[in-house]
Amino acid sequence: MDILQISGIALTGAVLAVVLKQKSPPMAVLLSIAVGVIIFLLVLGKIGAIVDILQQLSERADISTIYLGTLLKIIGIAYIADFIAQICRDADQGAFATKIELAAKIMVLVLAVPIVVAVLQALLRLVP
Amino acid sequence: MDVLRELIQTIIVIVVLAVLVEMLLPNGDMRRYVKMVIGLLIIMAVLQAAAGVVNSQFMQEVPAVTVSDTGAPPLEDIMAAGEELSAINRDKAEQQYCEGLSGQVLALVNMNSEVQAVDARVNVDRENSDIKEITIVFLAGDKEPAGGAKEGLNFTDNESGALDVQPVVVELGEKTDVHEFSRVNEATPEQKKIAAELTGVIAEFYNLKPDQVKYEFQ
């Protein structure tokens with residue numbers, strides 16, 4: 001029944017944020033950050049199980065752990081950037097959100113560069 | 001037939017893995033980028049699986065996923081070399097700074113004709129380049145005259161007025177004037193007093209605490 005707990009926290013946070021936004025917008029932003037962190041911490045323990053399954057599948061498919069590690073890093077970057085960008089947009093700081101997304105895109109592409117090179121080299125070797 | 005079955009099994013696992021990973025993706029603008037990388041990884045995995053069936057040599061030729069595969073040295077090596085270079089430059093700068101300070105201190109101290117300073121050791125804090133300690137080494141005993149170097153040598157005026165050095169004779173044998181060296185480390189109370197005053201002046205000049213400037217005699 002974790003979902004009830006999480007939904008309750010989110011709902012309470014949403015109501016409080018709406019009320020606080022009228023009186024004190026900065027406190028509403030802080031509240032949304034706090035609620036986000038709490039929800040993330042609540043589901044953090046369950047992420048481990050998913051990662052374990054992904055590892056087992058990658059071993060079964062003979063995929064190197066380096067590939068999986070890169071993939072999980074990219075997903076993590078995407079989530080963190082998305083989370084922070086949403087908070088920035090809630091605080092009416094759209095410019096910051098755009099910058100965070102840009103930074104995340106660059107980091108994702110940097111992580112992807114070795115994979116792109118590896119795929120390219122593999123494809124070129126296929127050509128007789 | 002077994003090989004083909006294994007290949008199909010592997011591809012099925014890869015597809016399931018891809019679907020699972022895609023479910024994890026965020027909904028925002030980042031989704032497209034992450035999907036691109038996932039697509040590349042799937043291509044890589046399928047290629048590896050296919051290569052394992054067709055030609056095992058191909059799999060070995062597929063490069064590992066490291067930054068060094070781009071032809072450039074690994075990022076760690078570049079960073080390490082940069083840090084090493086930075087440390088060398090910092091050491092050189094620190095050494096030059098210490099030498100400069102040492103020269104300044106010696107020049108300041110030797111303005112006093114009562115004592116002669118022969119060395120000034122400067123300790124600098126590596127963190128913020130502040131002076132940690134200055135140790136001034138004074139010569140104990142009588143101060144050498146300005147032309148002290150001439151004492152052991154014979155000079156004669158030549159026709160052009162310049163000084164010629166007469167041949168130096170080196171005599172080997174037992175040292176007879178041991179007392180010349182016994183006066184080392186013996187400073188007179190006046191010299192100690194002057195040295196203490198000079199260290200105070202140096203401390204004041206460089207805005208240091210009095211205990212940061214020390215002196216010793218040799």
Side-chain angles (χ1 to χ4, degrees), chain A residues 43 47 49-86 89 97-98 100-126, chain B residues 3 6-72 74-75:
Chain A
V43 296
I47 292 174
I50 300 169
V51 173
D52 282 344
I53 291 170
L54 290 177
Q55 273 178 344
Q56 284 171 13
L57 283 175
S58 69
E59 278 170 21
R60 172 69 185 79
D62 281 339
I63 297 172
S64 168
T65 50
I66 301 169
Y67 292 102
L68 191 71
T70 309
L71 191 63
L72 291 176
K73 270 185 207 169
I74 287 170
I75 293 172
I77 289 169
Y79 265 107
I80 290 168
D82 213 39
F83 179 67
I84 302 297
Q86 288 282 357
R89 286 204 182 89
T98 313
I100 289 163
E101 282 178 350
L102 173 71
K105 283 170 191 171
I106 290 169
M107 291 183 79
V108 166
L109 290 178
V110 166
L111 281 173
V113 163
I115 301 168
V116 173
V117 173
V119 171
L120 195 67
Q121 286 184 0
L123 288 173
L124 286 176
R125 279 179 207 284
L126 281 177
Chain B
V3 174
E6 198 173 327
L7 174 65
I8 291 168
Q9 278 179 353
T10 308
I11 290 174
I12 288 169
V13 173
I14 291 169
V15 170
V16 171
L17 184 67
V19 172
L20 268 180
V21 170
E22 204 172 332
M23 282 171 70
L24 286 175
L25 296 187
N27 287 321
D29 193 32
M30 294 297 299
R31 192 181 178 94
R32 285 186 300 134
Y33 291 83
V34 184
K35 270 183 92 169
M36 184 269 285
V37 181
I38 291 171
L40 287 173
L41 279 172
I42 291 167
I43 291 171
M44 196 69 213
V46 172
L47 275 176
Q48 274 191 352
V53 175
V54 177
N55 183 7
S56 61
Q57 187 66 30
F58 176 76
M59 271 187 77
Q60 289 170 3
E61 287 174 1
V62 173
V65 185
T66 54
V67 180
S68 60
D69 290 327
T70 59
L75 186 63

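In the text below, chain A, chain B and the rest are named by the order of the sequence lines, each starting its count at 1. Keep in mind the model is a prediction, meaning the values are calculated, not measured. Just so you know, these numbers use all the heavy atoms, side chains as well, and skip hydrogens, waters and symmetry mates.
Residues satisfying the side-chain hydrogen bond (donor to acceptor under 3.5 Å, both in side chains) test with Arg31(B), not counting sequence neighbours, are none.
A 4.5 Å side-chain heavy-atom check between Val108(A) and Met36(B) finds every atom pair outside the cut-off.
Most heavy-atom pairs under 4.5 Å with chain B, from the set Val110(A), Leu71(A), Val116(A): that is Leu71(A).
Interatomic distance, CD of Gln121(A) versus CE of Met44(B), reported as 9.0 Å (0.5 Å rounding). With rounding to the nearest 0.5 angstrom, the CD1 atom of Ile115(A) is 11.0 Å from the CD1 atom of Ile43(B).
The two residues Glu101(A) and Met30(B) come nearest to each other via the heavy atoms O-SD, 4.0 Å. Tyr67(A) and Leu41(B) get closest at one heavy-atom pair: CD2-CD2, 3.0 Å.
Residue Leu72(A) does not touch chain B at all, counting heavy-atom pairs closer than 4.5 Å.
Formation of a donor-acceptor pair under 3.5 Å by the Tyr33(B) side chain with backbone atoms of Ile74(A) is not found in this model.
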Throw together a table of side-chain donor-acceptor distances under 3.5 angstrom for residues 10-22 of chain B, partners on residues two or more places apart or in other chains.
| residue | atom | partner | partner atom | Å |
| --- | --- | --- | --- | --- |
| Thr10(B) | OG1 | Glu6(B) | O | 2.7 |
| Glu22(B) | OE2 | Lys35(B) | NZ | 3.2 |

